[in-house]
Amino acid sequence: MDIVRIILAILLPPLGVFLQVGFGGQFWLNILLTLLGYIPGIVHAVWIIAKVD
C-alpha cells in the first residue's frame, strides 16, 4: 500500500498525506507547502509516508 501512497504523493501530495495521517496537522502543512511550491509538497508527502512510526 505504501507504493500506491507514494505514487499518489507524487501526483497529488495532499492526497498521499491524507491517506497516511488523515486530517491532522501534517495534512494542512502539506496543503500549504503544495500551494507554495509543488516540489516542497511532494518532498514532505514522501517523507511523511516513508518515515517509520
Side-chain angles (χ1 to χ4, degrees):
M1 186 70 172
D2 281 346
I3 298 298
V4 173
R5 288 183 189 141
I6 290 175
I7 291 170
L8 286 173
I10 292 170
L11 297 174
L12 191 60
L15 181 58
V17 173
F18 172 74
L19 291 175
Q20 185 73 21
V21 298
F23 281 116
Q26 295 295 329
F27 172 75
W28 296 109
L29 176 61
N30 189 266
I31 287 180
L32 179 65
L33 288 170
T34 302
L35 290 174
L36 292 174
Y38 189 66
I39 300 299
I42 291 173
V43 170
H44 179 257
V46 171
W47 178 72
I48 291 295
I49 292 167
K51 79 175 186 174
V52 177
D53 291 327

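Each residue takes its place number in the sequence, starting with 1. Computed from a predicted structure; not experimentally measured.
- There is no path of hydrophobic side-chain contacts, each under 4.5 Å, that joins V43 to V21.
- Cluster membership for L35 and I48, using ILVMFWY side-chain heavy atoms within less than 4.5 angstrom, is shared.
- Rounded to the nearest 0.5 Å, atoms CG (L12) and CD1 (I7) are 13.5 Å apart.
- Side chains of V17 and I49 form no contact here, defined as non-hydrogen atoms less than 4.5 Å apart.
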Pair Q26-H44, side-chain contact (heavy atoms from CB on, under 4.5 Å): steps then yes or no: CA-CA 9 Å; Q26 295 295 329; H44 179 257; 2.8 Å; yes

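- Environment of CG in L36: crowded, with over 12 heavy atoms of neighbouring residues, nucleotides or ligands closer than 6.0 Å.
- Side-chain contact between L19 and L8 is present, with at least one heavy-atom pair separated by less than 4.5 Å.
- Put simply, CD1 on I10 and CG on L15 are 13.0 Å apart, with the number rounded to the nearest 0.5 Å.
- P13 and A45 get closest at one heavy-atom pair: O-CB, 3.7 Å.
- Using bins of under 30°, 30° to 60° and over 60° for the plane-to-plane angle, the ring pair W28/F23 lands in the parallel bin.
- The hydrophobic clustering, which links ILVMFWY residues whose side-chain heavy atoms are closer than 4.5 Å, places L32 and Y38 apart.
- Distance check, rounded to the nearest 0.5 Å: CD1 of I42 to CD1 of I6 gives 12.5 Å.
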